[in-house]
Structures are given as C-alpha cells and as structure tokens.
2 protein chains.
Amino acid sequence: MPYDPSAFPPFAVTVDLVVLTVRRHALCALAVRRGEPPFQGRWALPGGFVRADEDLAQAAARELAEETGLRAHDPDAAAQDNGAHLEQLATYGDPKRDPRMRVVSVAHLALAPDLPAPRAGGDANSARWAPVEELLQRGGYGREGELAAPLAFDHAQILADGVERARSKIEYSSLATAFCPAEFTVGELRRVYEAVWGVALDPRNFHRKVTGTPGFLVPTGGTTTRQGGRPAQLFRAGGATLLNPPMLRPEV
Amino acid sequence: MPYDPSAFPPFAVTVDLVVLTVRRHALCALAVRRGEPPFQGRWALPGGFVRADEDLAQAAARELAEETGLRAHDPDAAAQDNGAHLEQLATYGDPKRDPRMRVVSVAHLALAPDLPAPRAGGDANSARWAPVEELLQRGGYGREGELAAPLAFDHAQILADGVERARSKIEYSSLATAFCPAEFTVGELRRVYEAVWGVALDPRNFHRKVTGTPGFLVPTGGTTTRQGGRPAQLFRAGGATLLNPPMLRPEV
DNA sequence: GTGTTTATCGTCAGGGAGACGACTATGATC
DNA sequence: GATCATAGTCGTCTCCCTGACGATAAACAC
C-alpha cells in the first residue's frame, strides 16, 4: 500500500507547561490569562503550538523561556547551571478538549527556583504565580477574593498530574534541589519538601538523611543566616540523581 | 487575534505500542515486520494512526486488540479481568523521526500475560514475540541466526523507555501481576520479577515480602503443581496498586 | 543577659531486608 | 517403595534505616 497523505487526519500539536516553584512556603504554578476565545479571560497553563521544524523538548524549552526567561538545562547535564529542570509529563488528546479543532497537547513539567516575577510579554496582569491549591479548587475564592474559575481546557487535570509527578519524584530523586537556588541550606531544602508535600518534617531526621546520602549534597564551605537563627552550611546539588534509599513521604 | 487555521503546522499523530510479556523466563516484546517503506522488511513496534474521533487511550486499546486480541482494562478498574494493563508511556516528536512527514507518536506501554502466539492479520511471519535484549542489541544475531537489524524509526528508544518504565514500576506497584494469568503462584510471580529485572531473587525472602504486603495477593484456596515440586498456593492479584514499602531491586 | 530562632549532633527502639538453615510435599528414577 | 531432585514455606539472626525526641550551638532581638 503506497503512502497516502489523506490516510490520516491532521492534528494540531501544542506543548503546555506546568511550571512549579515554591514561594512563601507554598507550591505555586505559573498561570497565564487567556486573551482570546475559547475560555477568554480564564486562567490557563502557558503553552503554544509546536513549530514545523521543532522537537517537542525544544518547543517546551522555547515556551518556558518566553514565559519566564528561564533556560531549560538538559536533563543529562550536570548540576544546577541556573537553568530549570524540564521533562515531558504526558500527552492529552481527547477529541473534545479544544472546541476549535483537534489538538494534541504534550504537557511538560518544569521546576524552577523562586523567581522575581512573571514576565509575560510585559503584561503583569496576564501571568502570575498561584498556589496550586488555589488553581485546583473549583469554585473557591482566590487570593484577591475573586471567584476562582477552573483553569481553561483540561488544564486542571494537567496541573494535577504535574503536581503529582513532582510530589512523587522528589521522593526518589534529588529533584527537589531544582526548586532551590544554586546554593542553599538544608533547612531551605527541607522547606521545599514541606511545601511540595504539604507536611511538616522533623528537621533533625531530615538533616541526617540528606547529609548522609552520598552525592546528594556538596558543601560549598560557606554559611548563611538568611533564615535567621544559627548560621547554616551552604550546599550545592551533588551529582546523584537517584536517591537510594528514597526520601520517605510521611503517610497521610 | 482571531483563530487562524493556517497558524499551526499539521501533524500526523500515531500511537505505538510497547507490549511486554514474560516467556520462557525472558522479557519479550511484540514486534511486527514492516510491509512497506520506509524501513520495509524491518521489525518495528505495532502502532497506527489515531483516528479523527478517537482519544489517545482508545486508539492504543484498539491497536492492542488488533495485534493481540487483548482487551485493555481500565487502569482504574478492579483486579485482573483477563485484560492487559495499558498506560501512556511518552511522546516522540523529533521532526526527522519519520522521513515521510511530521509524525508525533504517543507511545503506550502494555503488559500482558504469556499469550499463545501473535496474530497479526493471520500472517504468522509478520509478528513475533522477541526477547527485548535481542531487539535492543544492535547488529547482533537474533534467534534464528539472522543478523538482527535495529528496530525501525526511533522504536529502539521507545522500547528501551518502555522496558525501563516496566522495570521501575514493578518496584513500587503491584503491576507485576499483569504479567501473570488470573491465578498464579508466588513462584510464578517471582519468576516474573526475575525475568523483568534480569536478576535472581531469594525465594524465601520474596515469599515473605509478597505474602506480607497487605492487599497485594489474595489466596484463592487452590493449589497447583504445574511448576513441579511441592504444590504451591494459588493467588489472585489483590486490590492494592501501590506497594509500600516497595519491592527492592537488588543493586547490580 | 535573656529569650527566640534555627542548625546540628546524639541516643534509643522498632521494622524491614538480606543471608541462610530447616522442613514439607510433590514427581521422577532406580 | 526408597531415594533423589525440585519447589514451596516457615523461622532465625543481624544489620541498617527510620521515627521520636533530648541536648547543644550560634546567631539576632530586646
């Protein structure tokens, strides 16, 4: 059977981004306000069409840079080069997920340290960091007291999947360091875990665990008191990517 | 900015399947021989175009049924209803992955019990179960002594990703039971782990672990001697999907 | 100096896993 | 039928990790 271009239906392919960070002790995601129908005025995940000559990862990295200014660093690259962690999350292709046409969206997950402020084309009102709880609760009230409408399209599902991926992945990998600046303290790393999991961890056991796992943390020699209290050692992320044994998420 | 259909390039979207099973103590994958260019005559993963009104999971389930006769059971459904486990794996969209046109492939992973024989349109010569080692080694010799050509397209990468997903997922989930028939013994389940991981496990510790994990196995009351030796208890898969603490894969 | 905050070290008990001995119940072989 | 090989199942022992939590250290605020 020869190649027949009419044998398959055409699709639009987009990348959508779940960009997570930890701000003020809460797990936050980047949301942009839609300026056009459908779902005009509603919040959505950042994203856009994949270009004709672009790989999926390239498209995701481009969108990430456009929305946040962050460079994505290669997953295989060495430690923290001030870029964000970027990985493919899942693909969503329900025939009715976009009322305009058949769109398949390849969602990606990005983890970034706390950033100054979103810059979405200069329009400060069209992009924001919002706590994921707020974005996922339906019909509740957001930070400014406005009724929190659900995210556009199936983006609430995508966000939920991204959050769950992040929550489980920091268990058995050193990925939590992607939420931290280049140098950080054990306490700062612990607060990342606490924010992502929404639990309180014992500082002493956490300290023992992370400093006792070879390759997880590398001391830089410096100290800081930016959290108040006794000065804490500064660390960089070590080369290890897999944690064995894993960091255990407390039950319930 | 109004909706402009010419604003995005058209893609073809396919699903490719990594169908894994355990045969003769080896992890095997389903491969089909390509009957047309490109890569004519080479082995490839089964797959096909997503139809215009089809969800991605539906398309994957349809392809799985066409190639193997297996019904995919819903991931949220209860235990072993004689269907195969099916989940989305990852999406591959390199612009050059298909020389004909821009194709994005949403790969899925299926785990099935040992099946009689592939039935690919009745042509026994065009589909087979092959050990994943054989399919992944490049330039080696296959079972019949023929030179094993690499899989078509980027299917070697997809297969490798699927195998790695399966290997890691049976660690912390009860998914290994998807490789077993509806009723199975502890020894049969152990041989699944051994085949997937390529290691030997201590039968006594394994028995203690799986029978001691609540919800993993449910005794049916029957016994069997189909493996020889002392009769073994028969079990069905329990309702538990997550194993906590996980089954530990021995380090190298 | 006193209190507060955060960091860091230590101790102790309990659970799980690896190593491995011992016993049991089949079929195969002599 | 005795013996052997094969699998399955139960126990024991030790080590390591974890959770719970006491104690000390070093900064800042007053």
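The structure displayed is predicted, hence computed values, not measured ones. Below, read A as the first sequence line, B as the second, and so on, with proteins coming before strands; counting in each chain starts at 1.
For Tyr172(A) (side chain) and Leu248(A) (main-chain N/O), no donor-acceptor pair under 3.5 Å exists by modelled atom type.
Across every non-hydrogen atom of Leu159(A) and Leu45(A), the tightest pair is N-CD1, 4.3 Å. Residues Ala110(A) and Leu86(A) share a closest heavy-atom pair of CB-CD1, 3.9 Å.
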Subject >> B/S/- contact track for nucleotides 11-21 of chain C, protein heavy atom under 4.0 Å >> reply: B----SBBBBB

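Expressed to the nearest 0.5 Å, how far CG of Asp114(A) lies from CZ of Arg23(A) amounts to 5.0 Å.
Ser173(A) is linked by a side chain to side chain contact (heavy atoms under 4.5 Å, CB included) to Lys169(A), Leu175(A), counting only residues two or more places apart in sequence or in another chain. For Arg249(B), the side chain to side chain contact (heavy atoms under 4.5 Å, CB included) criterion is met by Glu164(B), Arg167(B), Ser168(B), Glu171(B), Trp197(B), not counting sequence neighbours.
For the pair His207(A) NE2 and dT8(C) C1', the interatomic distance rounds to 5 Å; values are reported in whole Å. Put simply, CZ on Phe206(A) is 17 Å from C1' on dC9(C), counting in whole angstrom units.
Remark: aromatic rings of Phe235(A) and Phe184(A) are distant, center separation not under 6.0 Å.
A heavy atom closer than 4.0 Å to some atom of DNA chain C occurs in Gly229(B), Arg230(B), Pro231(B), these being the qualifying members of residues 215-231 of chain B.
Partner Arg165(A) forms a side-chain contact (heavy atoms from CB on, under 4.5 Å) with one of Leu111(A), Leu89(A), Val18(A) and no other, that one being Leu89(A).
Distances shown here put every side-chain N or O of Arg191(A) at or beyond 4.0 Å from the OP1 or OP2 atom of dT6(C).
Within the structure, side chain to side chain donor-acceptor pair (under 3.5 Å) pairs that include any residue of residues 216-226 of chain B comprise Glu188(B)-Arg226(B) (at least two apart or interchain).
Side-chain atoms of Gln157(B) and His155(B) form no donor-acceptor pair, as typed in the model, at a separation below 3.5 Å.
Running 5' to 3' along DNA chain D, contacts with non-hydrogen atoms of chain B at under 4.0 Å begin and end at dT6(D) to dT12(D).
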